[in-house]
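To keep things clear, I will list the structure first and then write my remarks on it.
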Amino acid sequence: MTDANRPAAAQASSLSQEDSTLAKARETLRREAEARLQNSLARGAQHINSLSLEEMPRVLHELQVHQIELEMQNEALREAQLALDVERARYFDLYDRAPVGYCTVSEQGLILQANLTLAGLLGMTHSELLGQRWTRFVHRDDGDLYYLRRKKLIESGESQSCELRIVRKDGSGFWGLWLATVSQGSDGAPVLRVVLSDVTERKLLDRLVQENNVELVRARTEADKANAAKSEFLYTMSHELRTPLHAILGFGQLLETATPPPTAAQKSNVDHILKAGWYLLALVDEILDLAVIESGTLALMMGPVSLDEVMRECLSMMEAQAQVRGIGLSWPDVDAPILLNADRNRLKQVLCNLLFNAIKYNRQDGTVVIRVAPGSSGRLRISVTDTGDGLSPGRVAQLFERFNRLGQESGTVPGTGIGLVVSKRVIELMGGAIGVDSVVGKGSVFWVELNPATERRAPVVVEPPSAGAMVPVETGPSSRTLLYIEDDAANLKLMEEIISGRPDIRLLTALDGETGLGKARALLPDVILMDINLPGISGIEAMRLLAQHPATAHIPVLALSANARTSDVEYGLAAGFYRYITKPIRIGDFMKTLDSAFEFSRSGASRTSRKEAAS
């Protein structure tokens with residue numbers, strides 16, 4: 001056992017004993033040296049007696065030089081001893097007062113050497129610790145783990161580590177990190193060099209982190225459930241609001257175009273009804289859109305999109321609103337196609353929203369200018385500049401807050417305070433950015449930045465349908481048959497009123513899917529118009545059954561539904577519907593779609609051939 005393995009008081013006593021032993025050893029050595037000297041002198045005397053007088057001074061000089069050499073060697077030894085004592089003291093500090101416990105354990109599991117830190121960790125004095133079995137301090141539930149690691153250490157010679165519960169002398173415990181290597185002792189038997197550190201705080205922190213993670217997962221799950229419930233509620237409310245709005249706006253449009261035309265007072269009342277109805281529909285759509293985005297379920301169809309193509313479609317849609325207020329719209333001619341990496345429909349939605357706001361909040365006879373320029377991070381910037389009143393920095397900071405109309409709630413300009421919020425979320429999901437620069441009294445510049453598309457393609461020019469492109473209407477009585485499958489009485493009545501203005505169309509009705517399927521197979525209508533949410537079988541299932549039957553497989557089927565999510569439309573089209581129309585309808589657009597379906601039916605298969613297939 002080395003001096004550095006003992007407590008200070010024990011080591012001081014040990015050092016005193018060693019000094020006494022060393023003094024006795026030196027005395028013995030001195031007596032032996034004197035005896036040897038006497039023998040040497042006796043031999044030397046004989047040698048000296050044999051020397052001549054001339055050789056005596058030389059021999060004496062050599063003896064004196066030899067004596068000085070011995071004294072110098074003794075001095076070097078003393079200095080080396082002092083340095084060794086200093087290093088020994090330093091080793092004592094480093095080993096005994098290290099921040100971790102060290103010990104040497106015999107093959108039989110006995111602690112042979114240990115530092116003071118280990119004694120402190122285990123709640124024992126240094127003298128008490130030596131000779132103890134290491135397993136005394138290992139918690140009994142962790143004994144198997146300890147023996148497994150110890151066995152593997154001795155068999156493989158590779159260092160081992162594990163976390164064990166350590167029991168102190170007083171029965172208290174802590175978590176310890178046990179690290180061990182194996183070496184050969186002085187007797188050739190293997191001994192373990194063990195390092196032990198207290199990791200209780202880290203274990204507690206790990207447990208807290210795990211508990212927090214579990215709590216975070218639980219909270220996230222609850223939030224996802226709440227989000228899903230909110231989205232489902234908004235979707236349900238959207239459907240429930242669209243159904244009565246379909247009747248309100250439908251009959252309102254019929255009153256607007258009635259024969260004889262309404263009086264001026266009646267026309268004003270109808271205008272108010274339609275304006276409020278379309279505004280409510282826009283509010284329903286925007287809230288549903290925001291719910292889909294916030295729930296994280298918005299699906300984007302990213303790809304190369306022609307900016308010029310989309311912008312001209314938006315300008316065409318905004319032209320009427322701009323003319324009412326005398327607003328000039330300016331979009332530069334594009335020499336080469338500008339392709340953006342975006343979802344086409346969503347990009348169109350955002351640009352239309354920015355243009356609509358620029359017109360709505362502009363001054364009378366103002367201007368709206370659209371420009372394209374390089375943006376940040378390699379993106380392209382599309383800016384919409386208006387000549388309105390502008391916004392203060394405080395209001396700019398509130399622009400993208402939900403339902404915040406910046407004090408316009410009591411004004412005459414309609415709005416929901418959702419459009420910009422939806423636009424911001426959509427642009428960010430497409431990997432872009434949106435912002436505004438505004439000066440009070442001069443106007444605002446709303447800008448959008450998106451990444452250019454890496455794939456190039458020729459732009460597709462989309463032109464609005466001209467009057468000459470309309471499908472001609474046959475004038476013969478009851479030349480076309482339309483089967484409408486709908487369970488809502490108000491919707492049926494509305495369709496009857498709409499079709500009553502078209503003597504070339506014969507309207508058949510059914511109140512549920514089963515009845516509708518029977519009439520379709522028996523009467524073979526030219527076109528079928530069907531609600532999705534029907535009693536009994538759904539409209540989707542009815543569509544599949546129509547497609548499977550040889551007599552009705554070629555009849556174009558139009559879906560007319562209040563289920564207006566993008567996913568609903570995509571699912572309906574994938575199920576086989578010729579077109580998917582959402583409620584409420586714009587009667588003019590609806591009739592164009594209906595005429596397109598009749599034309600498809602006539603060109604696809606004749607009534608005679610379908611009857612022959614049925615027989």
Side-chain angles (χ1 to χ4, degrees), residues 281-319 321-322 329-332 334 338-362 368-373 375-377 379-386 388 391 396 399-406 414-438 444-453 459 462 564-566 569:
L281 178 62
L283 179 61
V284 169
D285 286 341
E286 288 182 344
I287 291 177
L288 183 61
D289 229 6
L290 184 61
V292 171
I293 292 171
E294 290 188 339
S295 68
T297 58
L298 179 65
L300 295 175
M301 298 182 64
M302 301 292 288
V305 178
S306 170
L307 177 61
D308 184 64
E309 176 186 322
V310 173
M311 185 58 73
R312 292 192 183 281
E313 290 181 20
C314 294
L315 291 173
S316 177
M317 295 172 63
M318 296 295 115
E319 189 175 4
Q321 288 93 330
L329 301 177
S330 174
W331 165 247
V334 180
I338 301 173
L339 299 180
L340 299 175
N341 184 34
D343 181 302
R344 191 182 192 283
N345 291 332
R346 291 297 177 175
L347 176 60
K348 183 177 177 181
Q349 174 189 3
V350 171
L351 293 179
C352 283
N353 183 265
L354 296 183
L355 287 171
F356 184 68
N357 286 345
I359 295 169
K360 184 167 60 173
Y361 296 108
N362 213 324
V368 174
V369 179
I370 304 102
R371 296 183 177 89
V372 181
S376 60
S377 304
R379 295 189 288 236
L380 289 177
R381 173 174 288 200
I382 305 104
S383 59
V384 179
T385 305
D386 64 55
L391 298 167
V396 168
L399 259 180
F400 298 100
E401 295 177 359
R402 289 182 294 178
F403 305 107
N404 191 340
R405 295 199 59 214
L406 307 181
T416 62
I418 302 177
L420 283 177
V421 179
V422 172
S423 297
K424 183 175 187 295
R425 303 286 176 85
V426 167
I427 290 295
E428 289 174 350
L429 286 173
M430 291 193 294
I434 187 171
V436 60
D437 303 310
S438 189
S444 303
V445 181
F446 283 82
W447 53 265
V448 166
E449 289 185 355
L450 286 170
N451 294 312
V462 179
R565 289 183 299 196
T566 304
V569 177

Give, for atom CG of N357 and atom CG of D386, the distance between the pair rounded to the nearest 0.5 Å.
9.0 Å

Mind checking side chain to side chain contact (heavy atoms under 4.5 Å, CB included) for K348 and listing every partner two or more places apart, or none if nothing turns up?
V310, E313, C314, M317, C352

I'd like to check the side chain to side chain contact (heavy atoms under 4.5 Å, CB included) partners of E449; sequence neighbours left out, ordered by chain and number.
S376, R379, R381, W447

So do the side chains of L340 and I382 get within less than 4.5 Å of each other, counting heavy atoms only?
yes

Output for pair (L300 CG, R344 CZ), nearest 0.5 Å, gives 15.0 Å

Between CG on residue L391 and CZ on residue F446, distance to nearest 0.5 Å
6.0 Å

Look up atom CZ in R346 and atom OG in S423, then write down how far apart they are to the nearest 0.5 Å.
10.0 Å

Taking side-chain hydrogen bond (donor to acceptor under 3.5 Å, both in side chains) as the definition, give me every residue that meets it alongside S444, ordered by chain and number, with sequence neighbours left out.
S438

Can any side-chain N or O of N353 pair as donor or acceptor with the backbone N or O of Q349 at less than 3.5 Å?
no

Could you pull out the closest heavy-atom pair between G432 and L450, with the gap in Å?
CA-CD2, 4.0 Å

Sub-4.5 Å side-chain heavy-atom contact between P452 and N341
no

My understanding is that only residues two or more places apart in sequence, or in another chain, count here; which of them pass side chain to side chain contact (heavy atoms under 4.5 Å, CB included) with E319?
Q323

Applying the side-chain contact (heavy atoms from CB on, under 4.5 Å) criterion to V350, which one of L355, V426, V422 satisfies it?
V426

Which distance, rounded to the nearest 0.5 Å, do you find between the CG of N451 and the CE of M302?
8.0 Å

Can you list the residues that meet the side chain to side chain contact (heavy atoms under 4.5 Å, CB included) rule with I359, with sequence neighbours excluded?
M318, Q321, A322, I327, L329, V368

Rounded distance [0.5 Å steps], CD1 in I370 versus OG in S330:
6.5 Å

With sequence neighbours left out, the residues meeting side-chain hydrogen bond (donor to acceptor under 3.5 Å, both in side chains) with D343 are none

Write down the atom of A358, the atom of V384, and the distance for their closest heavy-atom approach.
CB-CG1, 3.9 Å

